[in-house]
Engineer: 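Before I ask anything, let me first share the structure, which is written out below as structure tokens.
For the single chain, residues carry numbers from 1 onward in sequence order.
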Amino acid sequence: MLRVVLSSFRVSTRCCSDFVSRTRYVSRLKEDDEACAAALQNGHVFLFHRLSPLLQHTEQGTFTPAALRATDLQVILERLGSDRTLLQEAVLIGCSEQNQAQFCLDVGVLDQAAVEEESGGTFIDLRKAFFLLTGAAAPLVAKGQALLRWHQTSGFCSATGQPTHRNQAGSQRVCSSSGIIYYPKMSPVVIVLVSDGKRCLLGRQSSFPRGMYSALAGFCDMGEILEETLRREVAEEVGLEVHSVSFSSSQHWPFPHSSFMMGCHASVSPAHIQLKVDHSELEDARWFSLEEITSALQVKTPPRRGDPPVLWLPPKHAIAHRLITEWADRQTHRQVEE
């Protein structure tokens with residue numbers, strides 16, 4: 001028994017040390033411009049074209065973000081007529097488990113088709129890419145896009161109107177006049193799956209793909225705590241009063257402009273389940289049974305135009321999908337116990 005415990009301790013300690021090592025390495029690159037510039041020359045760069053990530057089709061029939069060596073990318077950029085300064089605009093997003101620095105770069109100033117031909121990939125809108133990527137790939141490109149968008153919209157100081165300048169890593173921008181330092185920010189959003197004990201409530205906006213429903217969500221107002229936002233949003237959007245709120249998990253979400261999603265479950269009394277949908281907020285909202293949700297979780301691809309209507313859920317990377325899956329698992333387990 002002692003050997004097993006010691007063995008497990010060594011493994012967890014090594015994993016922790018690896019995580020700490022990577023974390024401190026990235027932190028150092030954010031603070032040291034020269035070290036970051038050197039890391040860029042030996043790092044990998046994920047390309048975007050006007051905020052759409054470059055994806056490559058694998059032999060297994062899946063998609064993966066295209067990670068180009070900085071040295072190879074520089075050759076491609078020069079071949080397409082770009083000067084050497086474009087690569088210096090790459091933004092640090094982290095490092096791999098092998099401590100290889102990872103950056104992102106938007107090449108929207110170049111011809112999209114030419115970059116795709118040179119790199120062997122395709123630029124795909126991030127919303128569509130989320131349905132094609134697996135594992136940690138989606139959060140990685142989401143982070144990259146969010147940072148690139150922040151830099152594109154933060155070129156001037158909100159206090160002085162003067163230009164801001166980034167550090168090498170792109171982890172901050174500084175006002176050239178006042179010295180005010182700006183850091184990337186996320187907007188807090190509560191997303192909640194409401195249940196009446198036997199069914200769950202999903203809604204859809206007119207901008208959603210055909211057939212897709214999701215959990216209810218809304219931005220936090222100034223001064224609100226998570227529970228207050230949750231209750232207010234559900235009351236505003238569907239006219240229900242919730243209770244028994246429980247936190248599930250959180251997630252960075254790049255839409256519309258980098259959100260911090262806080263996922264929760266909430267319940268309503270079976271005696272008060274009549275929906276009063278605010279159609280200025282939602283196109284539709286409905287109660288769905290466990291059978292309907294279980295069937296929808298099996299749908300792998302979105303319905304095509306002309307196909308019969310089918311319930312379609314957010315991609316697996318979305319926290320809404322996680323909330324729906326958690327609810328379905330609990331309901332199934334409860335039915336088995338009964």
Engineer: Tell me if a side-chain donor or acceptor on Q251 pairs with a main-chain N or O of I319 at a distance below 3.5 Å.
Structural biologist: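 Checked: pair present.
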Engineer: Donor-acceptor pair, distance only, cut-off 3.5 Å: does the side chain of D111 make one with the backbone of V115?
Structural biologist: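 Looks like no, no N/O pair under 3.5 Å.
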Engineer: Checking the side chain of T62 only, and the main-chain atoms of T58 only, is there a donor and an acceptor separated by less than 3.5 Å?
Structural biologist: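 No; zero donor-acceptor contacts below 3.5 Å.
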Engineer: Under a 3.5 Å distance rule, please check whether N167 uses its side chain to pair with a backbone N or O of K30 as donor and acceptor.
Structural biologist: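 Side chain of N167 to backbone of K30: a pair is present.
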Engineer: Looking just at side-chain N and O atoms, do Q56 and T64 make a donor-acceptor pair shorter than 3.5 Å?
Structural biologist: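 No - no donor-acceptor pair under 3.5 Å links their side chains.
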Engineer: Applying side chain to side chain donor-acceptor pair (under 3.5 Å), can you list everything that pairs with D196, at least two apart in sequence or on another chain?
Structural biologist: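 If we apply the side chain to side chain donor-acceptor pair (under 3.5 Å) test to D196, skipping adjacent residues, the hits are R199.
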Engineer: Within the distance-only criterion (no hydrogens, no angle test), does the side chain of H49 pair as donor or acceptor with the backbone N or O of L110 below 3.5 angstrom?
Structural biologist: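 The answer is yes, because a donor-acceptor pair under 3.5 Å joins these two groups.
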Engineer: Surrounding CD of Q162 (heavy atoms of other residues, nucleotides or ligands, distance under 6.0 Å), is the total greater than 12?
Structural biologist: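 Enclosed: over 12 neighbouring heavy atoms sit under 6.0 Å from CD of Q162.
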Engineer: Got a salt bridge between R232 and D221, using NZ or NE/NH1/NH2 to carboxylate O under 4.0 Å?
Structural biologist: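 Judged by the 4.0 Å cut-off on N to carboxylate O distance, R232 and D221 do form a salt bridge.
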Engineer: Side-chain donor-acceptor pair under 3.5 Å between Q331 and Q335, yes or no?
Structural biologist: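 No donor-acceptor contact under 3.5 Å links the two side chains.
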Engineer: In terms of side-chain geometry, is the basic nitrogen of R231 or E241 positioned less than 4.0 Å from the acidic oxygen of its partner?
Structural biologist: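 Salt bridge flag = no for E241 with R231.
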Engineer: Should the pair H317 and F130 be assigned to parallel (<30°), tilted (30 to 60°) or perpendicular (>60°) ring geometry?
Structural biologist: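 Perpendicular, since the angle between the ring planes exceeds 60°.
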Engineer: Just checking Y213 against F288, ring centres under 6.0 Å apart?
Structural biologist: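 Yes: the rings meet the under 6.0 Å criterion.
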Engineer: So does T23 get a backbone contact from the side chain of S27, meaning a donor-acceptor N/O pair under 3.5 Å?
Structural biologist: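 No, S27 side chain to T23 backbone: no donor-acceptor pair under 3.5 Å.
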Engineer: Please step through salt bridge (charged side-chain N to carboxylate O under 4.0 Å, His left out) for the pair E118 and R79, ending with a clear verdict.
Structural biologist: CA-CA 9 Å; E118 289 285 347; R79 191 178 298 157; 2.7 Å; yes
Engineer: So how far is it from E233 CD to D278 CG, rounded to the nearest 0.5 Å?
Structural biologist: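 Nearest 0.5 Å value for the CD-CG distance: 10.0 Å.
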Engineer: Can you check whether Q100's main-chain N or O pairs, donor with acceptor, with Y25's side chain at less than 3.5 Å?
Structural biologist: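 Judged by distance alone, no pair lies under 3.5 Å.
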Engineer: Is it true that a side-chain atom of D106 and a backbone atom of L51 form a donor plus acceptor pair closer than 3.5 Å?
Structural biologist: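 Such a contact is found between D106 side chain and L51 backbone.
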Engineer: S295 side chain to E291 main-chain N or O, any donor-acceptor pair under 3.5 Å?
Structural biologist: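 Answer holds: no.
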Engineer: Considering the options Q145, H252, R149, K143, which one meets the side-chain hydrogen bond (donor to acceptor under 3.5 Å, both in side chains) requirement together with S258?
Structural biologist: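 It is H252; the other options fail the test.
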Engineer: Within the side chain of S259, is there an N or O that forms a donor-acceptor pair under 3.5 Å with the backbone of F255?
Structural biologist: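 Answer holds: yes.
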Engineer: Is it the case that S249 and R322 place a side-chain donor and acceptor less than 3.5 Å from each other?
Structural biologist: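 Looking only at side-chain atoms, R322 and S249 do form a donor-acceptor pair, the distance falling under 3.5 Å.
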Engineer: Go through the side-chain N and O atoms of H151 and R173 and say whether any donor and acceptor fall under 3.5 Å apart.
Structural biologist: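 On atom types as modelled, these side chains qualify, holding a pair under 3.5 Å.
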Engineer: Can you tell me how far CD of Q88 sits from CG of L105, rounded to the nearest 0.5 angstrom?
Structural biologist: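 Separation between the atoms: 10.0 Å.
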Engineer: Say whether T325 and D329, considering side chains only, have a donor N or O and an acceptor N or O under 3.5 Å apart.
Structural biologist: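 Absent: no donor and acceptor within the cut-off.
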